[in-house]
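Encoded as structure tokens, the structure appears first; notes follow it.
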Amino acid sequence: MTSEQTPFFITTAISYPNGVPHIGHAYEVIATDAMARFKRLDGYDVFFMTGTDEHGQKMLQTAEREGITPRELAQRNSDAFQAMNDELGISYDRFIRTTDSDHYAAAQAIWKRMEANGDIYLDKYAGWYSVRDEAFHAEDDTEVREDGLRYSKETDTEVVWTEEESYFFRLSAYQDKLLELYKSQPEFGAPHTRFNEVIRFVERGLEDLSISRTTFDWGVPVPGNKDHVMYVWVDALTNYLTGTGFPDIESESFKKYWPADVHVIGKDISRFHAIYWPAFLMSAKLPLPKRVMIHGFLHNNGVKMSKSLGNVVAPADFVSQYGLDQVRYFFLREVPFGADGSYSHDSIVGRMNSDLANNLGNLAQRSLSMVAKNCGGAVPTPVELTDADQQILADAGKLLEICRDTFSRQDFSKALEAIWTVLGDTNAYFADQAPWVLRKTDLARMETVLYVTLEVVRRVALLVQPVMPAAAASLLEVLGQPEGSAREFGSFDTVLVAGTELPPPAPIFPKLDS
RNA sequence: GGGGCGGUAGCUCAGUUGGUCAGAGCAGAGGACUCAUAAUCCUUUUGUCGUGGGUUCAAGCCCCACCCGCCCUACCA
């Protein structure tokens, strides 16, 4: 059975745990989780990975400042990220940590493969280094001031010419191959606006990339040279391979899941995923991921989140205030995936009340309570369907294909919009048919209208499972749909069985006063 | 400086390759109904489609210039 299923490997970026998770991290895992759940329900063999990227100088610095070891810091904050995932109901299959032992093996293996391909060489990295910033600055970004010293124009700190031994990756050799990739696979990067930035960047020319450090040791050791640790991105990007069983490329899991179907990332790291990562893989002679989906950032009331403004929201606070499914729905419905988004108390409450409680929750409640009171609490029996009945059923019937299409592009908001359009039509249908009038005039017709309505709600409930797992489960429960295959997309085109006993209905979505 | 994207009703935004394209949702106003979580349904107000030119029989949709906003511009996640 499993072997017949098409594999689908999806990842989030791994989070850098030198701080605690905020709503932006939550946004990424929620979206990726919805995608993973959708594919599972649609019969795919899904492998969904998320985790933490724990090496690098910043981790070391943060740990030193707190008087603990980087390993302790990583453990503490990685645990916080994992806890966030669990609070958000994220259905990850592996929570990977770059300090996991199998990851060291994978990172060193890809290094050796790139080295074997002749793309790694030892040289000196030279440039204007700011001790204060602990970073190099491009010469154009520096200037000699009146005191005769050179300063970074950006940070106003003194820079000194520094040379450091470093391994380099021959990124410059991959410019044409990358451009060829972008041309032949126009869906490799999305959305187009962000992908265009990447392409133009590559077109302007690529320099070789320094990929090792000698100034600190919190990282994966470079094979064969104990003085160097890997540049954190070589290490971090490789996590996607680690999860599939790499370096054992003959393993069943590697053969099944690699290459990844989608890497979901934030717009801040598009270059690493859309340029460096495919170049590394080309060099290592490994297949490339099929798609890099770049999402935007969330703003609070249109204002960027920042600690100094005090508008950083902890995911747990959000969930306790509005409810998990409500938060998941809000972000996926309100923000076109790929664009920046904005949230506010009013906009969340608006979606909760209007879309969830009123349009969906109330439609279920008004139809189910009529069934409970007038049909003996069982699925009613339809008779001949009118044009209106057939129309609304046909509209609902198209939703699975629409969702497949939109989800394949991670266009969650469009999928939900299409579903809610049908819900709006169904509320109009219900009012137009007026089953509460038919109750006194034509019981068979009343039962038919209620049946049709329930059938639409069932299909909608199936399709919103990836976005709102718990609420959808409750809906399917009151529709008498048992867990298991009845709740998978394979059952989308089946219909409710008349006479099925239904539990007493209860409202699924609470309302909030604004 | 170079590059990428936007600027459409009060708000958030849809608008494929130019020809009912001036729209949707929310908010506001009026009405209807009572099955339902005072939910739902119907009707309805506002737009110089950033500015100025141009191409065309025809332009939010193409071209040019300009104004405004956001983002990127390599080795600090």
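First the proteins, then the strands, lettered A, B, ... as listed; each starts at 1.
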Do A:Lys58's NZ or CZ and the ring of A:Tyr16 fall within the cation-pi criteria of under 6.0 Å and 45°? no
Is it the case that A:Arg333 places NZ or CZ above or below the six-membered ring of A:Trp420, under 6.0 angstrom from the centre and within 45 degrees of the axis?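 Relative to the ring axis of A:Trp420, which defines the angle, A:Arg333 lies outside at least one limit.
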Return the value, rounded to whole Å, for the distance between atom [atom1] of [X] and atom [atom2] of [N].
| X | N | atom1 | atom2 | result |
| --- | --- | --- | --- | --- |
| A:Asn362 | B:C33 | CG | P | 19 Å |
| A:His295 | B:C71 | NE2 | P | 16 Å |
| A:Tyr125 | B:A74 | OH | P | 10 Å |
| A:Leu209 | B:A74 | CG | C1' | 8 Å |
| A:Asp235 | B:C76 | CG | P | 13 Å |
| A:Glu334 | B:U12 | CD | P | 10 Å |
| A:Glu207 | B:U73 | CD | P | 14 Å |
| A:Tyr343 | B:C13 | OH | C1' | 20 Å |

Provide the distance between the two [atom1] atoms, one in [N] and one in [M], to the nearest whole Å.
| N | M | atom1 | result |
| --- | --- | --- | --- |
| B:C61 | B:G25 | C1' | 23 Å |
| B:G18 | B:C63 | C1' | 13 Å |
| B:U20 | B:G3 | P | 34 Å |
| B:C70 | B:C26 | C1' | 25 Å |
| B:A9 | B:G23 | C1' | 10 Å |
| B:G52 | B:C57 | P | 23 Å |
| B:C62 | B:U17 | P | 8 Å |
| B:U8 | B:A14 | P | 10 Å |

Between the side chains of [X] and [Y], is a donor N or O closer than 3.5 angstrom to an acceptor N or O?
| X | Y | result |
| --- | --- | --- |
| A:Asp119 | A:Tyr174 | yes |
| A:Gln391 | A:Asp387 | no |
| A:Gln410 | A:His295 | no |
| A:Ser78 | A:Thr52 | yes |
| A:Arg351 | A:Gln326 | no |

May I ask you to verify whether the side chain of A:Tyr276 and the base of B:C75 hold a donor-acceptor pair under 3.5 Å? no
Between B:A39 and A:Asn358, counting only base atoms on the nucleotide and side-chain atoms on the residue, is there a donor-acceptor pair under 3.5 Å? no
Let me know, please, whether A:Trp436 or A:Asp268 comes out on the 5' side of the other along RNA chain B by nearest nucleotide.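 The residue closer to the strand's 5' end, by nearest nucleotide, is A:Trp436.
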Tell me which of A:Pro336 and A:Ala428 sits closer to the 5' end of RNA chain B, going by the nucleotide each one is nearest to. A:Pro336
Flag the pair A:Phe195 / A:Tyr182 as yes when their ring centroid distance falls below 6.0 Å, and as no otherwise. yes
For A:Tyr329 and A:Phe509, I'd like to know if the aromatic rings sit close, meaning centre-to-centre distance below 6.0 Å.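 No, too far apart.
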Heavy atoms under 4.0 Å, any strand shown: does [X] hit a base, just sugar-phosphate, or nothing?
| X | result |
| --- | --- |
| A:Gly127 | nothing |
| A:Trp233 | sugar-phosphate |
| A:Pro507 | base |
| A:Gly205 | base |
| A:Gly350 | nothing |

Measure from the side-chain heavy atoms of [X] and tell me the nearest of [options].
| X | options | value |
| --- | --- | --- |
| A:Lys511 | B:A36, B:U37, B:A74 | B:U37 |
| A:Ala357 | B:A77, B:A36, B:U37 | B:U37 |
| A:Arg213 | B:C35, B:A74, B:C75 | B:C75 |
| A:Leu206 | B:A74, B:C76, B:C71 | B:A74 |

Please tabulate the protein-to-nucleotide N/O contacts below 3.5 Å involving nucleotides 21-32 of chain B, giving atom names and distances.
none

B:C41 phosphate, OP1 or OP2: any side-chain N/O from A:Tyr429 under 4.0 angstrom? no
How would you list, by chain and number, every residue that makes a side-chain contact (heavy atoms from CB on, under 4.5 Å) with A:Thr193, sequence neighbours excluded? A:Pro191
Quick one: list whatever passes side-chain contact (heavy atoms from CB on, under 4.5 Å) with A:Ala13, sequence neighbours left out.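 With neighbours one apart ignored, the set is A:Glu28, A:Tyr240, A:Ile265, A:Ile269.
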Is RNA chain B part of any stem, that is, at least 3 consecutive Watson-Crick or G-U pairs with both distances under 3.5 Å, and where? B:1-7 with B:67-73, B:10-13 with B:23-26, B:28-32 with B:40-44, B:50-54 with B:62-66
Report the residues that fulfil side-chain hydrogen bond (donor to acceptor under 3.5 Å, both in side chains) with A:Trp111, sequence neighbours left out, ordered by chain and then residue number. none
For A:Tyr151, which residues count as a ring-ring contact (aromatic ring centres under 6.0 Å, His included) partner, sequence neighbours excluded? none
Specify the glycosidic conformation (syn or anti) of B:G53, with syn defined as within 90° of 0.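 B:G53: anti.
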Kindly write out the residues that satisfy salt bridge (Lys or Arg N to Asp or Glu O under 4.0 Å) with [X], not counting sequence neighbours, or none if the list is empty.
| X | value |
| --- | --- |
| A:Arg213 | none |
| A:Lys398 | A:Asp395 |
| A:Glu115 | none |
| A:Arg97 | A:Glu54 |

Please list, for nucleotides 3-6 of chain B, all pairs of protein and nucleotide N/O atoms separated by less than 3.5 Å.
unit_1: B:G3; atom_1: O3'; unit_2: A:Arg200; atom_2: NE; d: 3.4
unit_1: B:G4; atom_1: O2'; unit_2: A:Thr193; atom_2: O; d: 2.9
unit_1: B:C5; atom_1: OP1; unit_2: A:Asn196; atom_2: ND2; d: 2.7

Taking only heavy atoms on the protein side, list every residue of residues 366-374 of chain A lying under 4.0 Å from any atom of RNA chain B, sorted numerically.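 By residue number: A:Arg366, A:Ser369, A:Met370, A:Lys373.
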